[in-house]
**Student:** 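Take a look at this one; I'll ask things after.
Whatever order the structure lists ligands and atoms in, that order sets their numbers, starting from 1.
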Amino acid sequence: MNVDGKPTRTIWVAGDGVVAIIDQTALPHAFVVRELRTAAEIARAIATMQVRGAPLIGATAAYGLWLAMRADASDAALAEAHALLLATRPTAVNLRWALDTVAGRLRGLAPAARAAAARAAADAIADEDVAINRAIGTHARALIEEIARQKGRAQVLTHCNAGWLATVDWGTALAGVYAAHDAGVPVHVWVDETRPRNQGAALTAWELGAHGIPHTVIVDNAGGHLMQRRQVDLAFVGTDRTTAAGDVVNKIGTYLKALAARDCGVPFYVAAPSPSIDWTIDDAERIPIEERSPDEVTTVAGTTAAGDSARVRVTPAGSAVCNPGFDVTPARLVTGIITERGIAEASREGLARLFPKRAAAAKGDGR
Ligand code: MRU
């Protein structure tokens, strides 16, 4: 996507042993690029959500193994860095996928060859993410175009941030929106604010604005009302992990949007790059749901009129808080899963039809 008219990825290699990221905790108020030089710095950036979004978490972790191998390419260092990075966030399966992909390429190599191989593997993961998302965008764009042909404009609702910032480029849920807009198709996006961290209000709104896409931020509770009033044509969300049976784990609140969409007859699509599909799990109850800090609920962060960062309290001191980061949308509420290979029915059979080898390999594992 363009930042100040310049094509920009969300992560890039800025020098020998230097990984550059956009610090998403500073957006939308400041565009800050940070340079990371060690696996520990990469782990901290993921854990503190300077980078976030399932595909970007995976790509960032892959570069973390590169930095680790530059420092010490022993088997012990590889295992230690893999464990450190894997522990940063529990729900998005792209993290494990990316770490296992890079580590798998390194294990048979002599230590002297590992840093270069890790860099190549991380670059490949980043490039593959861009290609996957571009392909998802072409499938989603066709859905948007069809609505716009019928109605003159398509209205899309999205939750959290599954856009450019959540990936290396293009986004998943927003890839079709960018593709449609760039092709001149009229599209407007309803942006769920996505409490508690406000990824919608802060990040989705920022990136859509930077690309010139018409959008309106709404509170999380407004989506059902807008659907009832026929102001939403399509819902597009991302996923942190989709089971082999088509159940979708995504940002907390996704399930409620899917329920409202079903009640109102609004098609509810999940954009799922294949690395977000966990072929080893059929039962979403087995997926760890990240529990995050109560501070995210008891306080809200923003910028004052004077331009200073501030965090203000919104709950009474002493009230108990529960802050699950993700929820499960059952496959039966999902109209389709948009992958790089096309749109699958949200079911084991639907996914296996598009990815027969991966589905069969997981079965062969007995998992
Ligand atoms: O906690 P976050 O901000 O990392 O959660 C992000 C989401 O839930 C996204 O929808 C998901 O990772 C898909 S991103 C393409």
**Student:** Indicate yes or no: does an N/O atom of A54 lie under 3.5 Å from an N/O atom of ligand 1?
**Tutor:** yes
**Student:** Would G238 count as a polar contact of ligand 1, with the cut-off being nitrogen or oxygen pairs under 3.5 Å?
**Tutor:** no
**Student:** What are the two closest non-hydrogen atoms of F236 and I338, and how far apart are they?
**Tutor:** CE2-CD1, 4.0 Å
**Student:** Is D16 salt-bridged to R70, cutoff N-O under 4.0 Å?
**Tutor:** yes
**Student:** Can the positive tip of K251 be found less than 6.0 Å from the middle of the six-membered ring of F326, inside 45° of the ring normal?
**Tutor:** yes
**Student:** Show the atoms of ligand 1 that are less than 4.0 angstrom away from any heavy atom in A162.
**Tutor:** 10 (O), 14 (S), 15 (C)
**Student:** I'd like to know if R197 contacts ligand 1, where contact means a heavy-atom distance under 4.0 Å to any ligand atom.
**Tutor:** no
**Student:** If we only consider heavy atoms of C160, is any one of them less than 4.0 Å away from an atom in ligand 1?
**Tutor:** yes
**Student:** Would you say the side chains of N323 and E296 form a donor-acceptor pair under 3.5 Å?
**Tutor:** yes
**Student:** Relative to atom 11 (C) of ligand 1, which among T194, D240, V51 owns the nearest non-hydrogen atom?
**Tutor:** D240
**Student:** Before signing off on this row, confirm whether T172 and ligand 1 have an N or O atom pair separated by under 3.5 Å.
**Tutor:** no
**Student:** For atom 10 (O) of ligand 1, grab the closest protein heavy atom and report residue, atom and distance to one decimal in Å.
**Tutor:** N250 OD1, 2.6 Å
**Student:** What is the closest protein heavy atom to atom 14 (S) of ligand 1, and at what distance does it sit?
**Tutor:** A166 CB, 3.4 Å
**Student:** Considering residues at least two apart in sequence or located in another chain, which fulfil the ring-ring contact (aromatic ring centres under 6.0 Å, His included) criterion with H139?
**Tutor:** none
**Student:** If you measure only the distance, is there a donor-acceptor pair under 3.5 Å linking the side chains of S276 and N94?
**Tutor:** yes
**Student:** Tell me which part of T239 gets within contact of ligand 1: side chain, backbone, both or neither, using heavy atoms under 4.0 Å.
**Tutor:** backbone
**Student:** With a cut-off of 4.0 Å, which atoms of ligand 1 are near a heavy atom of Q199?
**Tutor:** 1 (O), 2 (P), 3 (O)
**Student:** Would the distance check show the side chain of T194 and the main-chain N or O of N198 forming a donor-acceptor pair, the cut-off being under 3.5 Å?
**Tutor:** no
**Student:** Check the orientation of W206 and F31. Use parallel for under 30°, tilted for 30 to 60°, and perpendicular for over 60°.
**Tutor:** parallel
**Student:** Please find the pair of heavy atoms, one from I218 and one from L157, that lie closest to each other, and give the distance.
**Tutor:** CD1-CD1, 3.9 Å
**Student:** Return yes when P55 approaches ligand 1 closer than 4.0 angstrom through a heavy atom, no otherwise.
**Tutor:** yes
**Student:** For atom 4 (O) of ligand 1, state which one of R89, R241, M49 supplies the nearest heavy atom.
**Tutor:** R89
**Student:** Distance under 4.0 Å to a non-hydrogen atom of G53: what atoms of ligand 1 satisfy this?
**Tutor:** 4 (O), 12 (O)
**Student:** For atom 3 (O) of ligand 1, what's the nearest protein heavy-atom neighbour? Residue, atom name and distance, please.
**Tutor:** R52 NE, 2.6 Å
**Student:** What atoms of ligand 1 come closer than 4.0 angstrom to any heavy atom of F326?
**Tutor:** 1 (O), 5 (O), 8 (O)
**Student:** Establish whether V32 and I42 are linked, either directly or via other cluster members, by ILVMFWY side-chain heavy-atom contacts under 4.5 Å.
**Tutor:** no
**Student:** When only distance counts, is K251 in polar contact with ligand 1, meaning an N/O pair under 3.5 Å?
**Tutor:** yes
**Student:** Would a hydrophobic clustering, with Ile, Leu, Val, Met, Phe, Trp and Tyr connected at side-chain separations under 4.5 Å, put I289 with V93?
**Tutor:** no
